[in-house]
Each structure stands twice: as C-alpha cells, then as structure tokens.
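Working notes, structure below.
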2 protein chains.
Amino acid sequence: MKKKPSGSEDISAAKEEGSRRKLTRAEEVRARLADDIVDGKLSPGMPLDETEIAASYGVSRTPLREAIRDLAAMGLVETRPHRSAIVTRPSPEHLRQMFHVMAELEALCASLAAASMTLSERRNLEIIHEGLARILKENDPSHYHVLNEKFHAAIYAGSQNAYLVEITLATRRRLSPFRRAQFLTAGRLAKSYKEHDAILVAILQGNRELAAESMRRHILTVEDSYEEYAGLK
Amino acid sequence: MKKKPSGSEDISAAKEEGSRRKLTRAEEVRARLADDIVDGKLSPGMPLDETEIAASYGVSRTPLREAIRDLAAMGLVETRPHRSAIVTRPSPEHLRQMFHVMAELEALCASLAAASMTLSERRNLEIIHEGLARILKENDPSHYHVLNEKFHAAIYAGSQNAYLVEITLATRRRLSPFRRAQFLTAGRLAKSYKEHDAILVAILQGNRELAAESMRRHILTVEDSYEEYAGLK
DNA sequence: TATAAGCTTATTGTATGCAATATTGCATAC
DNA sequence: GTATGCAATATTGCATACAATAAGCTTATA
C-alpha cells in the first residue's frame, strides 16, 4: 500500500482553499495523527503522550496539543484534564448508534442526490462504479477501498448540501477505524458491489425513496459485517 | 435576563462527568466565547484578536488559542493561518442548507422518539409542553426560548441515540445566532406552540412518520421566520 | 499482611518570549 | 491619479520554562 501524499482534510470539512498553502505544524501533526488513527496504526484505547509524540514528530508540545484538541473535537480521541488523551474506544452500543446515524445520513445524501445530481455528476458516479467492477475482478480490498470512498463521496456531493457533506464525512471518518476490516470478510466485495449497483440505478432513475432505502441497507450491512468480524454477534 | 451559571456544554456533547470538576482556563474561556457568540454579543464576521481577548479575560494566549480552536471545530468561528479568527458568517445559501439538515436531524429524532421514548420521558415532554402553554399567555419570548430548548432536547434524548443527540445539538448551537430573533416576529410564539402540539401528539401516538413530518415542518418554519426577519425573502 | 496517608515523580496546563508571516503605509513608477 | 513594490508594523505560530495536578511508590500503622 502506497503512502498517502496528504493527510485527512481540514477539520471542518474540506475548505477548498487553493490547498497548496504552507501548512502549520499543528495541521501537519493533526493530519498524521488522524491518518494513524483512521487506518489503525493507533488503536482505540491507546494513550497519546504529549512529550513523547511531540519529540517523535520533531515539534514542540504547543502545536501537538492543538492537534490533539482538534482530534478530540472530531471524536477521534478523548481527553480529560491532566490525563493523556486516548484514542476513542466507543462502546459496542455507541458504535451501533453511530452506524445507525451514518445509515440515515447517507440515505439522506442518496435521496437528495437522486433529486439533484447534475448530469456530469451522474456520469462521474457511473464511471467510478465501472472502476469498482474492474477492481472487483482482481479481488484487491485495499484498492477497492479507495474507490469505494470516492463512490460514497460522489453521492454526498450530489446532495448539493455542503453542511450535509461535512457531517457525513465527519461521521464516516469517525467510524473508519471500525469499518476497516469489512472488506476482509468473505465475499463482502462482491456483495458491496451489488448493493452499489442498486443505489446507482435508483439515483439515476431519480427515485429518491429507493435510493435512500438502498443506501440505508448498504450501510447497515457494513455494520453487520463489522460486528461479525469483531465477534459481537 | 439573568446571567447563566455555566457555559455551553462540553464540546463533544455533554459528557456527564460528575461535572463539578475544576475547569481549565481553556474550558472557561471557550464557554464564555461560545455563549457570547450564540447569544449574539459577538456578531458574525467580527474578528477575535488573541492578545486583546486574552488580556480582557485575564489569561495568557495559550489557553485562549486552544479555546478558539475548539470553537472553530464547532463551526462557531473560522480560522486561517496567520489571520485572526472571525465569528462564522455563513452565506445565505449555506445557512439554508444547514436549516435543511437541521430539519432532517430533528425529524429523525422525532421519528425515533415516537418509537422509543420511555413512559417517563413522554410524561416529561408533556410537562414541558404544558409549561410552554403557560408562558405563551405571558408573551415572554426569552422565557419561552429557554423552555423551547428543553422541549427539543427532550425529543432528542427520546431517540435513545447519543450520537444523534450530539450532532443535532451541535447543529442547533451552530444555528443559534441565526434563530435568536425568530420569536420576535409577530405571532411566532403562538404558531410555534401549535406546531409543538402536533409533534407531541404524533410522538405520544407512536406515529413515527407523522412525528417526523410535523417536526420537519416546524423547523423549516423557523427558517422561514428567520429569513423573513433578516430580509432575505 | 493489608491499608491508608503522605511524599515523589511524571505528565499535563499555562505563561512568556521569540520567530514567522500577513497587513498596512509609503514611496515610486507608469 | 492609480497601481505596484518594498519597508515597517502588528499579529499569529511555535518553543521553552514553570506551575499545577494526578498517578505511583514508600512507609507507617492496624
């Protein structure tokens, strides 16, 4: 797996911002930490020692603390005064609730997208879907994962609602550490693709209710898949 | 209007936390700033000078900067490197989008509440509603406002979904500066009460779809009311 | 031996000073 | 008269030192 060129987007949802701006130390550190949490290099429950991490990243504690505060606001870490921040480890119940909300948010995106996506956005979504078909044949989970994110992001954007995009992406990021393993369960890739197909068709038909319901099911299946993997059911 | 004893809740939604913990300077400052923004003492667009505010609050820039960062994460202020943070001033279009999402989130809360509220929660909601009836007769907008918040919060809690409560409250707080004036428009109090009544009945009946739709309408009416007040339509 | 109180140590919270960068005013050219 | 570039200034970004608090250990006592 290749190293990502840049970290997670801006905390409050991808302000475009010419984007080749010189980053502050705090932003760099935040991106690195967020990536490490999201793709599992830092496990839930793990404490983050300020002095230690600051030293290892070659910055002082000041920007590191600001980064940790941002992560706390994103829900990726939890802080208590005079204690080390720890990577968030939600209870199974809380995780279920988050998946449920995620399903509703994505369903809303899909519904709005079915009503409002522009022609070029629809075309783009089809292209992504075709790409997923090709990757499916190679059975390459990590490659599939990347394009899968794009598929969902394209639908978010299709809702034409920047705030909805913001909170949906934020929720998705927060759940990332717990969705990572889903594509490793047998046959999940193929099932995922079929579900995407139903969503795509509904959106292209402009069928809001069907798009929403297909998406809702898709996300809740992801949750099932996680719970199965994690041995929670 | 009396001074509030404590500021806004914890950034990531009211962790109960014994709550009589000694607050850090950064937390105190954040609460004060958040309150000042939410109830309009700091207007959208206004820059926040770190040195100046730190001095006026009697703290150093370090905790103040951390507080501002939290506010940025909440969406109450916007920051750019080497520029002063400014109180968020969303475009009319963005504001509309946020109201739309707010309506959907509250509708979801209402729907889940209709299905899942406990008996004591239902009873409590009725009591709040009766309180609103009494206040209505006195035509006291600021008093009505306080109990109105409780009415909505009770429905959020009734959803039995902590994460949904978290993002709904966060969205509500972010919209607060733009909902403040709503109860000043003629007859809004009485209309609001009637809308609440419809919502309450639907929830008590366990009618999810009706509860959702009543709530959705209620929130979008609030938006209308704001836009009218702001001269946007 | 178990327990609890007090001290010790490690870690976070805050203040302050310096560095880096954006803004402002002025000078100069067109 | 307007625009452009440079210098001066003000403000934020960062590092470091110190203060405050919580965790761990030691020791005394039942």
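The chains referred to below are lettered A, B, ... by the order of the sequence lines, with proteins before strands, and numbering in each begins at 1. The basis for the numbers below is simple: all heavy atoms, side chains too, and nothing from hydrogens, waters or symmetry mates.
A salt bridge between B:R172 and B:E149 is present, with a side-chain N of the basic residue lying under 4.0 Å from a carboxylate O of the acidic one. In this structure, B:R216 does not pair ionically with B:E106, as no charged nitrogen and carboxylate oxygen lie closer than 4.0 Å. With salt bridges taken as basic N to acidic carboxylate O contacts below 4.0 Å, none links A:E223 and A:R96. The pair A:R69-A:E66 does not count as a salt bridge, with every side-chain nitrogen at least 4.0 angstrom from each carboxylate oxygen.
Across residues 82-91 of chain B, B:H82, B:R83 each have a non-hydrogen atom less than 4.0 Å from an atom of DNA chain C (numbered order). DNA chain C is contacted by A:L48, A:D49, A:E50, A:T51 of residues 46-59 of chain A, taking any non-hydrogen atom closer than 4.0 Å.
Closest approach of B:E27 and A:P81 over heavy atoms only: OE2-CG, 4.2 Å. In terms of heavy atoms, B:E166 sits closest to A:R174 at OE2-NH1, 2.9 Å. Here the shortest heavy-atom pairing between B:I68 and B:L48 reads CD1-CB, 4.4 Å.
Using a distance-only test at 3.5 Å, with no hydrogens or angles considered, a donor-acceptor pair links the side chain of B:Q97 to the main chain of A:Q160. Put simply, the side chain of A:S159 never gets that close to the backbone of A:I155: no donor and acceptor are under 3.5 Å apart. Put simply, the side chain of A:S84 never gets that close to the backbone of A:D49: no donor and acceptor are under 3.5 Å apart. Listed for the B:T118 side chain is a donor-acceptor partner under 3.5 Å among the backbone atoms of B:E121.
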## Note on the structure
For DNA chain C, the expected dot-bracket line (Watson-Crick or G-U under 3.5 Å, [ ] crossing, | inter-strand) is ||||||||||||||||||||||||||||||
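Here the C1' atom of nucleotide C:dT12 and the CD atom of B:E27 are 13 Å apart, to the nearest Å. Taking atom CD on B:E66 and atom P on C:dT16, their separation rounds to 16 Å, with Å as the unit. When rounded to the nearest whole Å, the span between CG of B:L23 and C1' of C:dG13 equals 13 Å. Between the CZ atom of A:R80 and the P atom of D:dT21 there is a distance of 16 Å, given to the nearest Å.
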Close N or O pairs between protein and nucleotides 16-19 of chain D (under 3.5 Å):
residue, atom, partner, partner atom, Å
D:dT16, O4, A:T62, OG1, 3.2

Distances under 3.5 Å between nitrogen or oxygen atoms of protein and nucleotides 5-9 of chain D:
none

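Distances shown here put every side-chain N or O of A:R65 at or beyond 4.0 Å from the OP1 or OP2 atom of C:dT12.
Under the side-chain hydrogen bond (donor to acceptor under 3.5 Å, both in side chains) criterion, B:Y163 pairs with A:T171, sequence neighbours left out.
Put simply, the residue from B:T24, B:D35, B:D70 that forms a side chain to side chain donor-acceptor pair (under 3.5 Å) with B:R30 is B:D70.
Relative orientation of the A:Y144 and A:F183 rings is perpendicular, given thresholds of 30° and 60° on the angle between their planes. The aromatic rings of A:F151 and A:H129 sit tilted relative to each other, their planes meeting at an angle between 30° and 60°.
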